[in-house]
Number of protein chains: 4
Amino acid sequence: MYNIALFGAGRIGQVHSVNIAAHPDTTLYSVIDPFAENADKLATKYGAKIQTTEEAFADKNVHAVLIASATDTHAELIELAAKAGKAIFCEKPVHLDIERVRQCLKTVEENHVPLFVAFNRRYDPQFRRVRELLSAGNIGKAESLLITSRDPSPPPAEYVKVSGGMFRDMTIHDFDMARFIMGEDPVSVFAQGSNLVDPAIGAAGDIDTAFIVMKFPSGALATISNTRRSGYGYDQRIELHGEKGLLTANNIKENAVEQWNETGCTAAKPEHFFLQRYDAAYKAEWAHFVDVLAGKATPECSGYDGEFALLMADKALESLQTGKEVKF
Amino acid sequence: MYNIALFGAGRIGQVHSVNIAAHPDTTLYSVIDPFAENADKLATKYGAKIQTTEEAFADKNVHAVLIASATDTHAELIELAAKAGKAIFCEKPVHLDIERVRQCLKTVEENHVPLFVAFNRRYDPQFRRVRELLSAGNIGKAESLLITSRDPSPPPAEYVKVSGGMFRDMTIHDFDMARFIMGEDPVSVFAQGSNLVDPAIGAAGDIDTAFIVMKFPSGALATISNTRRSGYGYDQRIELHGEKGLLTANNIKENAVEQWNETGCTAAKPEHFFLQRYDAAYKAEWAHFVDVLAGKATPECSGYDGEFALLMADKALESLQTGKEVKF
Amino acid sequence: MYNIALFGAGRIGQVHSVNIAAHPDTTLYSVIDPFAENADKLATKYGAKIQTTEEAFADKNVHAVLIASATDTHAELIELAAKAGKAIFCEKPVHLDIERVRQCLKTVEENHVPLFVAFNRRYDPQFRRVRELLSAGNIGKAESLLITSRDPSPPPAEYVKVSGGMFRDMTIHDFDMARFIMGEDPVSVFAQGSNLVDPAIGAAGDIDTAFIVMKFPSGALATISNTRRSGYGYDQRIELHGEKGLLTANNIKENAVEQWNETGCTAAKPEHFFLQRYDAAYKAEWAHFVDVLAGKATPECSGYDGEFALLMADKALESLQTGKEVKF
Amino acid sequence: MYNIALFGAGRIGQVHSVNIAAHPDTTLYSVIDPFAENADKLATKYGAKIQTTEEAFADKNVHAVLIASATDTHAELIELAAKAGKAIFCEKPVHLDIERVRQCLKTVEENHVPLFVAFNRRYDPQFRRVRELLSAGNIGKAESLLITSRDPSPPPAEYVKVSGGMFRDMTIHDFDMARFIMGEDPVSVFAQGSNLVDPAIGAAGDIDTAFIVMKFPSGALATISNTRRSGYGYDQRIELHGEKGLLTANNIKENAVEQWNETGCTAAKPEHFFLQRYDAAYKAEWAHFVDVLAGKATPECSGYDGEFALLMADKALESLQTGKEVKF
């Protein structure tokens, strides 16, 4: 049984706490959160301790940490964990500044601890199946990929201001997905974007609608379509075209009931947002991390993956600002 | 080029006149309809003559007749056509009384003219494809068939009164479809029905909602689901289950556009009614009849098919009235 | 926290044990199964006791029993539980003989214990949504219902021999579903069936393919289409037609990935069988039973529901044998 | 009745001849094609004359010309027709060189004859419906558009060499579609492409796979996904996202039959190629041109539209070559 110290008891920390508790090989050992109310709630629910950061890292009973705290704390917590010899599961991103990410990954490397950067969508059974069918040769060589990723509704402008911008905050998942599906690192990126959804987002210096085009060493292409507001739920699809046909992962809908009447045939809209849509993915990534703890696997999403996705976001931003394709 | 005399210039006669004129080997030669206005309109549009019944049958230039007049005139016109040696295309049914049908078919047989009874749905490309895939062995042996057949909205009670009842008027198409798909004649039928849509239909002694179950010599089963009012267009589907899987012919929708929003994902409803839904079928059945005229084929829907479908309607009515399965 | 004694540690008992353990208000307290290996496995996994039937009923710490043992033990265990004052969750059916069911329900009533008969499909979110949308008036008055229920592959003939026949073993779920959706008890039933799938089933005196037609007091109709072998997974759909349109609950598919190539556009087949398909339903019915234990609800599926579904199976069998509609 | 002179009796000329003949107000008056065999076939079928170019333009009975000849003859034929005072229906493109296009359009303008440039997809009922629902306000303001346009299989390299390149030959339809749907001219374009399908296409200096991103004055974005070889038929879809949701035009499939078995649920693939897919569009565009002849309409697709689509192709090529977004 592995004892897990959870940093961050907010929305995403709560998701993980359920999975930590439900997994037969892990226990939610302690919760660390400066906001005491959230920490207490989780600690009570799962019989966990309340710890400070220092206590958690000093505690020999802690086998691994799950970092689900505010983004700007990730890098430091990773370094402290690495130095304390704890295995690390960290929500993306490691940091919004790529130099800081590299510095942090160096510390991890020097301390020989496993680091899993949680790109949860890689564990979505639908997207994973597309990757597996590609690997199995079902469509031959991959030629073009379309990723549709639309949030149901925009975040508040206050959040946008500290988010690092849409590419680093939202598109980063799609950048990683492109690499996961294609199985190679892109050679160039072009980005085009607009502020159409909420003027406050534009006032905060960000965009809310974008198309991104990438090219890969094989010549294969990928595009990402993003918006901060779909108007019909969380739209998460991919479509992969290869030499022998197409693989497409459709949305998961809220239910399987249709109503037919004078106005047409109406099916449910997509699952509302990531907590529902990626429920299975959160469970599966945790199971993978437990395999890492058990020495049965090495992290499928490594620090390098976290770093490369951020690099793609940075280069996309450069492209948006210059109107040019940017090479890696 | 075959000259066609068209009996009946109403709605269904107009459908056929388009196809007669469009076919490279047929000409709309004359129109016969006591209602002069309709006849004139068609004659003018296609450069056809106006004829009386007597003139049409006496005219050596008429190669074939298409009977699309009122139901109660079909049998007599068939007999007159047979005696005049004209090939016959007749809208279903031959007659609502089965003894009259048999008498009429005897006359046809004695005069050695081809008679095609127009069960148009056999020529629908969707249903035909199901039959062909069954014949090709795609699902192995047929085991059960579900026919869904729902009109968009009920006919006026005046029509219902002279229609022969729902089974002879509407379900007769589905009875024929069951035989067409299964490729065998049923051994028994059970019918259950209700008057739910329009009280005037009940007052006219008829039902408007029904389920019918048939058994075939092979042991295979079929059911028909009927209503006079769907509320969402013309619902025409079949689902055929066999030992190795399922074949299903879905509805043809009004268009391929979907709208996704807060209320769900809405696709178009099915094509409104038979003129739109079976447009391709009307063309294809006419092409078949021209093959019959050319001696390249014998009628795929014969007088026997017309008689058997009516017999099924009669037996279904007997079952509805007695609460018992009726054998053939 | 309610302590649950689980009778039967086989396939379905294992399903329930997961849900008992996962629910915050219930504990798997003990397991009772003459087949020690299964019982040990579950007891070890969940830290439960191994008990004999006598011990379980005598144990004051047991608040409720979950009966998932062999069908022929249900009635006796229900009676013992009722006399011991334990709340009862029982897998369907209570017994295959309706007189025995009535006797058993009488004992339950005399002992004032709650009895939940587990028609799990009532808790399937899809079917429940159809019921709710009907209740909300979305399609007006219900007029006809089609239930499609096809197992992926037939059970062994040995099982068939002791199953009570397809109607009591398999269709019983569909009979209950018809009552659940329509919200009224039927007035008549007609059944037609064949042995098409496996001759051994016919040799055991049973059928494997059936259509059943029911009529309800409102005049509404329902039909059930059954087969023991679909060839494409577990086919569980309902289609409810009302005066203002249609509600349809489609299959839950194994995944949301499609492959398009020269042979067509292929989507996943339905979830393989009931354990996958009704996973959410098993969880939801347990949550309901916990509400019953907490006094927040009375059993939505009562002994009466269990009795009526069996009665429908008996009457359907009578209809199959006589070729007549049978009244209730 | 309008007499039409048809230039070009090849594949696309044959499509138009059917529609000219079928329209109540037009007659196929003459056919002009240096390849006598094709011309004879059409002339015989429709009772048309064989003419030379000079004869056709000198013939007072010719009301309009339909130019479906080789691409490099379009501009000259348009000029001759304009000078002869004939109304002009011309297959796209006017010419592959934009200066030549402009020169040609000047001649048309000076001679005050109507010119319809046949972007047939604007008349596809599906895409038109998307445009109409956008205009009707169904999704609010347009924000992003995805056009998927994939040919079933690549053209021969010989064709590619004289085609003007994929953007001028194939994508030109999608460029026009983007303007048609968005209702505004783009301000910039970026293109990325690869040669993945057939090395002979690369050897001919062309690409066969591309993504194109456009920006519009409103800030709205559009992307086009192209390949010369889908592997599953002709993939022609659009997806338009707006502030209140999504409109999507799906493929038209070869039929509405599905087969479900152990390998999944297989529906038909998309209609094979443009002759089938855009059959309704060809009819509708001809009906529009007849309205132009009758003075009831002005050409919806004008010379300007032809010129702008070509300009987009030119700028896209410039972007592909420079790796930069190109402004209009």
Side-chain angles (χ1 to χ4, degrees), chain B residues 139-146 148 150 186-198 202 207-216 218-233 235 237 239 241-246 248 269-270 319-320 322-327, chain C residues 139-146 148 150 186-198 202 207-216 218-233 235 237 239 241-246 248 269-270 319-320 322-327:
Chain B
I139 58 164
K141 192 165 44 76
E143 293 182 352
S144 63
L145 172 70
L146 282 92
T148 300
R150 295 175 179 144
V187 294
S188 74
V189 64
F190 170 82
Q192 181 59 282
S194 283
N195 168 230
L196 298 169
V197 172
D198 181 358
I207 56 170
D208 47 35
T209 306
F211 278 119
I212 293 129
V213 177
M214 287 159 281
K215 191 166 190 173
F216 291 83
S218 62
L221 309 177
T223 194
I224 295 167
S225 172
N226 278 159
T227 177
R228 286 287 199 180
R229 181 221 39 220
S230 75
Y232 53 84
D235 193 352
R237 288 172 286 156
E239 185 177 311
H241 182 254
E243 52 183 343
K244 292 192 281 184
L246 186 85
T248 176
K269 61 182 193 299
S319 172
L320 180 69
T322 62
K324 291 182 193 166
E325 184 187 357
V326 177
K327 312 270 181 180
Chain C
I139 57 164
K141 190 165 45 75
E143 293 182 352
S144 63
L145 172 69
L146 283 92
T148 300
R150 295 175 179 144
V187 292
S188 74
V189 64
F190 171 82
Q192 180 60 281
S194 283
N195 168 229
L196 298 170
V197 171
D198 181 358
I207 56 170
D208 46 37
T209 305
F211 279 119
I212 293 130
V213 177
M214 287 159 280
K215 191 166 188 171
F216 291 83
S218 63
L221 308 178
T223 193
I224 296 167
S225 171
N226 278 158
T227 176
R228 286 286 198 180
R229 180 218 40 216
S230 75
Y232 52 85
D235 192 351
R237 288 173 286 156
E239 185 177 309
H241 183 254
E243 52 183 344
K244 292 191 283 183
L246 187 85
T248 176
K269 60 181 193 301
S319 173
L320 180 70
T322 61
K324 290 182 196 167
E325 184 186 355
V326 177
K327 312 271 181 183

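Each chain gets a letter, A, B and so on, in the order the sequences are listed, and its residues count up from 1.
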With a 4.5 angstrom heavy-atom cut-off, could you sort out which part of [X] is near chain B: side chain, backbone, both or neither?
X	answer
Ser225(C)	side chain
Tyr232(C)	side chain
Ile207(C)	neither

Can any side-chain N or O of Ser230(B) pair as donor or acceptor with the backbone N or O of Gly233(B) at less than 3.5 Å?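 Confirmed, Ser230(B) side chain pairs with Gly233(B) backbone.
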I'd like to know if the side chain of Lys215(C) and the backbone of Gly193(B) have a donor-acceptor N/O pair within less than 3.5 Å.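 Side chain of Lys215(C) to backbone of Gly193(B): a pair is present.
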Heavy-atom pairs under 4.5 Å with chain B - which of [options] has more of them than the others?
options	value
Asp235(C), Leu246(C), Val213(C)	Leu246(C)
Lys269(C), Arg150(C), Lys141(C)	Arg150(C)
Gly231(C), Ala222(C), Gly140(C), Ser188(C)	Ala222(C)

Residue pair [X] / [Y], side-chain heavy-atom distance below 4.5 Å:
X	Y	answer
Phe190(B)	Leu320(B)	no
Phe211(C)	Leu146(B)	yes
Ser319(C)	Lys324(C)	no

Among Met214(B), Glu239(B), Lys327(B), who wins on heavy-atom pairs under 4.5 Å with chain C?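 The answer is Glu239(B).
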Which heavy atom of Thr227(C) sits nearest a heavy atom of His241(B), and at what distance?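 Minimum heavy-atom contact is CG2-CE1, 3.7 Å.
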